[in-house]
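Encoded as structure tokens, the structure appears first; notes follow it.
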Amino acid sequence: MDVSELLDGLNDKQRDAVAAPLQNMLVLAGAGSGKTRVLVHRIAWLMQVEQASAYSIFAVTFTNKAAKEMRTRVEEALKAPVGGMWIGTFHGLSHRILRAHHREANLPEAFQILDSDDQLRMIKRLLKAMNIDDKKWPAKQFGWYISAKKDEGLRPKDIQAYDINEQMMLKVYTAYQEACDRAGLVDFAEILLRSFEVLKNNPTLLRHYQQRFAHMLVDEFQDTNTIQYAWLKLLAGDTNSIMIVGDDDQSIYGWRGAKIENIKRFLTDFEAETIRLEQNYRSTATILKASNALIQNNSDRMGKSLWTDGNDGEPISVYAAFNELDEARFVSSKLRSWLNAGNALQDAAILYRSNAQSRVLEEAMLQEGLKYRIYGGMRFFERQEIKDALAYLRLVGNRQDDAAFERVINTPARGIGDKTLSHIRDCARSESLPLWYAAKAIVEQQHLSGRAASVVTKFVELVEHIEDKIGDLTLEEQAKYAIQTSGLMAMYQAEKGEKGRARVENLEELISACGQYELPEDEEFSSPLQGFLAYTSLESGDGQAEEHEDAVQMMTLHSAKGLEFPLVFMVGVEEGMFPSQQSNEESGRLEEERRLCYVGMTRAMEKLYISHAESRRLYGQEKYHSPSRFLREMPEDCIEEIRIKTQVSRPPAAGRFSSSVSHAAFEESGFNLGQHVLHAKFGMGTVINYEGSGAQSRVQVNFDDSGSKWLVTVYARLQAI
DNA sequence: GTAGCGTCCGTTTTT
DNA sequence: CGGACGCTAC
């Protein structure tokens with residue numbers, strides 16, 4: 001193939017990265033600078049120019065979506081499917097190593113993955129058994145502690161507990177790990193840590209992988225945590241070349257262990273060269289100028305400034321809303337015009353700092369008759385009914401799986417109550433047996449009443465029966481059989497209401513998902529079922545079924561990373577909301593908030609609206625937030641303030657008048673904003689209550705005849721704040 | 001088991 | 001304010 005084809009259409013910097021010699025490299029890739037393109041072309045370059053075999057390529061991402069996109073695009077570039085190449089997520093690839101070497105990892109062949117929900121249940125169970133008051137010691141905190149320690153690569157033996165609090169954490173960590181090991185279960189952090197340890201403790205294995213993966217590539221490197229860094233370093237050894245792509249300005253996951261300093265550490269540890277991708281192909285010059293100015297307020301940056309050879313575009317519009325309802329209405333009315341102008345709703349996104357903010361916006365969309373799609377929330381494979389069904393299948397494959405056992409022992413209800421269950425748990429603990437075997441033992445030893453013994457026996461027989469029957473069935477038939485025979489289907493069919501109907505539908509969808517599942521060819525699974533179970537845990541599935549309806553995209557700023565939209569609204573850009581209250585209190589968190597703002601702004605291609613509300617109902621209380629400091633950090637000439645001119649007139653008899661009023665309109669009404677005006681008559685039966693003066697004026701309008709309270713905001717110039 | 005009530009708490013999320 | 005969770009009374 002002609003090499004030029006790989007470099008055509010790339011800018012100089014992109015070419016430098018794609019055609020770089022075999023050495024360690026950092027590609028500092030700004031938002032919208034074509035980093036995926038570079039990664040994909042680099043892989044093609046390695047194969048076609050450096051004659052690298054597909055087997056020698058190892059590419060890691062954080063999300064399944066990114067991994068999938070990379071694979072498809074590599075195949076497009078090479079015009080052939082690529083077998084043998086390892087492209088996947090940190091967890092996916094680590095899991096693959098664990099599967100291949102489960103013996104060395106001290107795991108049963110059919111070991112299963114605990115998601116965070118399973119993990120929490122497991123901890124709760126342990127707390128009960130250990131007589132720890134979960135009021136005083138919330139299970140969540142243990143979960144957080146355990147994951148954080150594992151992310152740091154720390155086992156209980158590596159930790160010194162100096163205070164009572166940490167001693168308790170450590171005690172539960174130890175017990176939790178023992179329980180997981182006994183049951184053949186690994187949580188997400190364990191997948192990474194265990195895979196790291198397997199490689200580290202088996203030099204032969206390590207050498208094998210090091211020799212194989214001569215070319216390593218890592219995406220979104222700024223999000224790597226300690227264990228991921230160590231894992232990469234171990235695999236890279238002294239000889240392999242590794243190209244990392246990342247953007248320190250887009251590091252927004254520090255709170256869950258990501259170490260932004262890993263980028264700088266990489267430069268020294270790996271003696272790497274740096275290439276900067278600063279040309280942006282996404283946003284207007286105005287948006288970039290404002291984003292650059294904002295992010296310059298952070299310290300310790302690697303340094304990078306985005307530019308475009310495109311147009312300035314429109315200024316960023318800043319809307320000071322009266323309250324959160326007004327803000328939502330503003331957004332919905334702008335979206336209505338956008339739609340009426342012949343645009344697609346799906347090209348627009350509303351970004352907010354926290355999920356709770358979506359509700360008001362949702363209501364406004366509903367009112368305006370605009371379709372919307374909210375990202376986040378419960379994923380398909382995380383749903384209760386799905387997890388119930390999967391638990392049966394897990395237990396069939398691995399009787400040690402205590403988490404699965406606990407989940408289905410009395411689901412559907414079969415009369416196995418707390419008492420029987422605690423007998424089983426006691427026996428399991430004293431004999432160090434998995435719950436399944438404890439249950440069997442307890443029946444044999446006749447420690448149970450006749451009725452309890454018979455229901456437990458029934459359960460044991462049920463699981464064994466399912467195992468007997470499904471051996472020769474297809475995956476789809478296996479799932480169907482387990483869901484039917486277990487009584488889950490009947491149980492959810494009996495559940496009344498919309499909820500029950502949805503659950504039945506989901507179970508049916510699970511069966512059909514089993515039918516559609518294709519066992520990956522080049523990955524070794526002991527059975528299709530095991531492949532499917534891993535798939536459900538590692539790829540929890542989309543929130544909803546892919547809606548092809550034209551709808552506005554609503555999501556948190558975090559979930560917007562990596563996406564782009566012609567039209568973007570950033571709402572709630574207020575002190576206390578964004579930056580969030582706690583980021584202001586905890587040291588070092590402010591810069592991450594600023595990066596989050598930077599991420600949000602750089603999602604916008606053509607037009608960006610930023611709004612903040614002067615008053616907002618929060619936790620049942622009215623809060624008055626000032627505009628976010630981030631707004632002040634954007635250059636004035638990039639910003640246009642919007643005020644909607646509204647004649648102040650007598651409002652309808654009921655409801656809330658929450659429109660805004662311009663200085664002009666207010667002055668026309670005979671009021672001078674330069675002075676305090678208290679309790680003045682305004683229109684028919686209106687009382688004005690004017691608080692404050694100058695920059696942050698607030699005006700309340702009370703209608704004494706209806707008794708309802710009206711608020712009118714008087715806007716001050718933003719620069720004055 | 002579960003409806004109903006009271007209490008508590010309140011970023012961000014992927015795997 | 002409202003959702004999640006746990007406890008109590010059937």
Side-chain angles (χ1 to χ4, degrees), chain A residues 60-67 88-96 113-121 124 128 133-135 138-140 144 147 150-151 186-193 195 219-220 223-225 227-228 251-258 324 351-360 375-379 381-382 410-418 491 494-496 534-543 555-562 572 576-586 589-590 592-593 595-597 599-600 616-623:
Chain A
V60 208
T61 63
F62 274 85
T63 66
N64 289 299
K65 197 172 151 208
T89 62
F90 279 96
H91 290 86
L93 299 181
S94 299
H95 189 245
R96 195 167 169 179
I113 298 165
L114 286 183
D115 67 17
S116 7
D117 183 59
D118 299 328
Q119 186 185 39
L120 209 64
R121 284 161 174 265
K124 279 185 180 159
K128 226 174 229 155
D133 182 8
D134 63 353
K135 280 259 151 55
K140 268 195 187 160
W144 173 85
S147 302
K150 288 186 180 183
D151 284 348
V186 294
D187 57 48
F188 288 129
E190 184 72 23
I191 297 177
L192 301 175
L193 179 53
S195 134
D219 193 15
E220 305 272 23
D223 289 338
T224 53
N225 62 28
I227 191 68
Q228 285 159 342
S251 162
I252 55 175
Y253 286 110
W255 52 273
R256 68 171 200 222
E324 79 276 18
L351 311 182
Y352 34 81
R353 177 66 237 268
S354 76
N355 287 305
Q357 290 170 259
S358 69
R359 241 189 49 203
V360 192
Y375 279 65
M378 181 89 22
R379 292 186 162 66
F381 292 119
E382 285 170 355
N410 201 32
T411 311
R414 46 174 70 86
I416 300 177
D418 265 353
M491 176 181 116
E495 196 175 304
K496 50 207 174 309
Y535 164 75
T536 62
S537 310
L538 290 173
E539 192 161 349
S540 34
D542 247 311
M555 67 193 82
T556 61
L557 287 151
H558 280 90
S559 12
K561 196 172 84 163
M577 299 285 291
F578 190 29
S580 73
Q581 194 56 50
Q582 32 265 308
S583 70
N584 220 343
E585 286 155 11
E586 290 166 49
R589 303 297 316 273
L590 186 72
E592 186 156 304
E593 294 284 305
R595 292 193 288 268
L596 191 55
C597 186
V599 167
R616 178 182 296 276
R617 222 175 161 72
L618 209 62
Y619 307 141
Q621 276 185 324
E622 209 74 33
K623 296 273 181 199

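Naming: A, B, ... by sequence-line order, numbering from 1 per chain.
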Here the distance between atom P of B/dT15 and atom NZ of A/K65, to the nearest Å, is 10 Å
Base of B/dT11, side chain of A/R589 - is there a donor-acceptor contact under 3.5 Å? yes
By nearest-nucleotide position on DNA chain B, the 5'-leaning member of A/G92 and A/D418 is A/D418
Classified by glycosidic angle (syn within 90° of 0, else anti), B/dT11 comes out syn
### Task
Taking only Lys NZ, Arg NE, NH1 and NH2, and the carboxylate oxygens of Asp or Glu, determine whether A/R617 and A/E324 approach each other closer than 4.0 Å.
no
Would you mind classifying the nucleic acid contact of A/S116 as base, sugar-phosphate or nothing, using non-hydrogen atoms under 4.0 angstrom?
base
Here the distance between atom P of B/dG1 and atom CG of A/N410, to the nearest Å, is 6 Å
For A/Y253, report the nucleic acid contact type (base, sugar-phosphate, nothing); a contact means any heavy atom under 4.0 Å. sugar-phosphate
Picking from B/dT14, C/dG6, B/dT11, the nucleotide nearest the side-chain atoms of A/Q582 would be B/dT11
- For B/dT14, does either OP1 or OP2 sit under 4.0 Å from a side-chain N or O belonging to A/N64? no
- Query: What nucleic acid atoms does A/Q228 come within less than 4.0 Å of, heavy atoms only: base, sugar-phosphate, or nothing?
  - Reply: nothing
Next on the checklist: Using the six-membered base ring of B/dT14, report whether A/F62 stacks on it, requiring centroids under 5.5 Å and planes under 30° apart.
Outcome noted: no
Work out how far the C1' atom of C/dG3 is from that of B/dT14, and round it to whole angstrom. 23 Å
Can you check whether A/M555 reaches A/L351 side chain to side chain, under 4.5 Å on heavy atoms? yes
message: OP1 or OP2 of B/dT14 versus the side-chain N and O atoms of A/R256: is any pair under 4.0 Å?
response: no
Judged by nearest nucleotide, the residue sitting upstream toward the 5' end of DNA chain B, A/S583 or A/G415, is A/G415
Would you indicate whether the side-chain heavy atoms of A/S147 and A/Q119 approach each other to under 4.5 Å?
yes
A/Y619 OH to C/dG2 P, in whole Å, measures 14 Å
*Taking the six-membered ring for Trp, are A/F62 and A/F90 parallel (under 30°), tilted (30 to 60°) or perpendicular (over 60°)?*
tilted
When all nucleic acid strands are considered with a 4.0 Å heavy-atom cut-off, which category describes A/S580: base, sugar-phosphate, or nothing? base
Quick note, A/T63 side chain, CB onward, closest among C/dC1, B/dT15, B/dT13 is B/dT15
- Does A/N355 put a side-chain nitrogen or oxygen below 4.0 Å from OP1 or OP2 of B/dT11? no
Note to self: Using 30° and 60° as the class boundaries, would you call the ring planes of A/W255 and A/H558 parallel, tilted or perpendicular?
What the structure shows: perpendicular
Report task. Would you mind reporting whether A/T61 and A/E220 have side-chain heavy atoms less than 4.5 Å apart? Result -> no
Distance below 4.0 Å between A/K135 side-chain N/O and B/dC9 OP1 or OP2:
no
Salt bridge A/D223-A/K561, side-chain N to carboxylate O under 4.0 Å:
yes
**Asked** Is the shortest side-chain N/O distance from A/Y375 to OP1 or OP2 of B/dT12 below 4.0 Å?
**Response** no
Ranking B/dT13, C/dC1, B/dT15 by distance to the side chain of A/F188, first place goes to B/dT15
**Q.** C/dA4 to B/dT13 separation - P atoms, rounded to the nearest Å
**A.** 15 Å
note: A/D134, atom CG; B/dC8, atom C1'; distance rounded to Å ~ 13 Å
Here the distance between atom P of B/dT13 and atom CG of A/L596, to the nearest Å, is 10 Å
Considering only heavy side-chain atoms of A/R359, the closest of B/dT13, C/dG2, C/dC1 is C/dG2
Between CD of A/Q119 and P of B/dT13 the distance, given in whole Å, is 18 Å
Looking only at C/dG6, B/dT12, B/dT15, the nucleotide nearest the A/R353 side chain is B/dT12
To the nearest angstrom, the CG-P distance between A/L351 and B/dT11 comes to 19 Å
Which is true for A/K140 with a 4.0 Å heavy-atom rule: it touches a base, it touches only sugar-phosphate, or it touches nothing? nothing
*asked:* Is there a side-chain contact between A/T556 and the phosphate of B/dT12, meaning an N or O under 4.0 Å from OP1 or OP2?
replied: no
In whole angstroms, the gap separating P of C/dC5 from NZ of A/K124 amounts to 6 Å
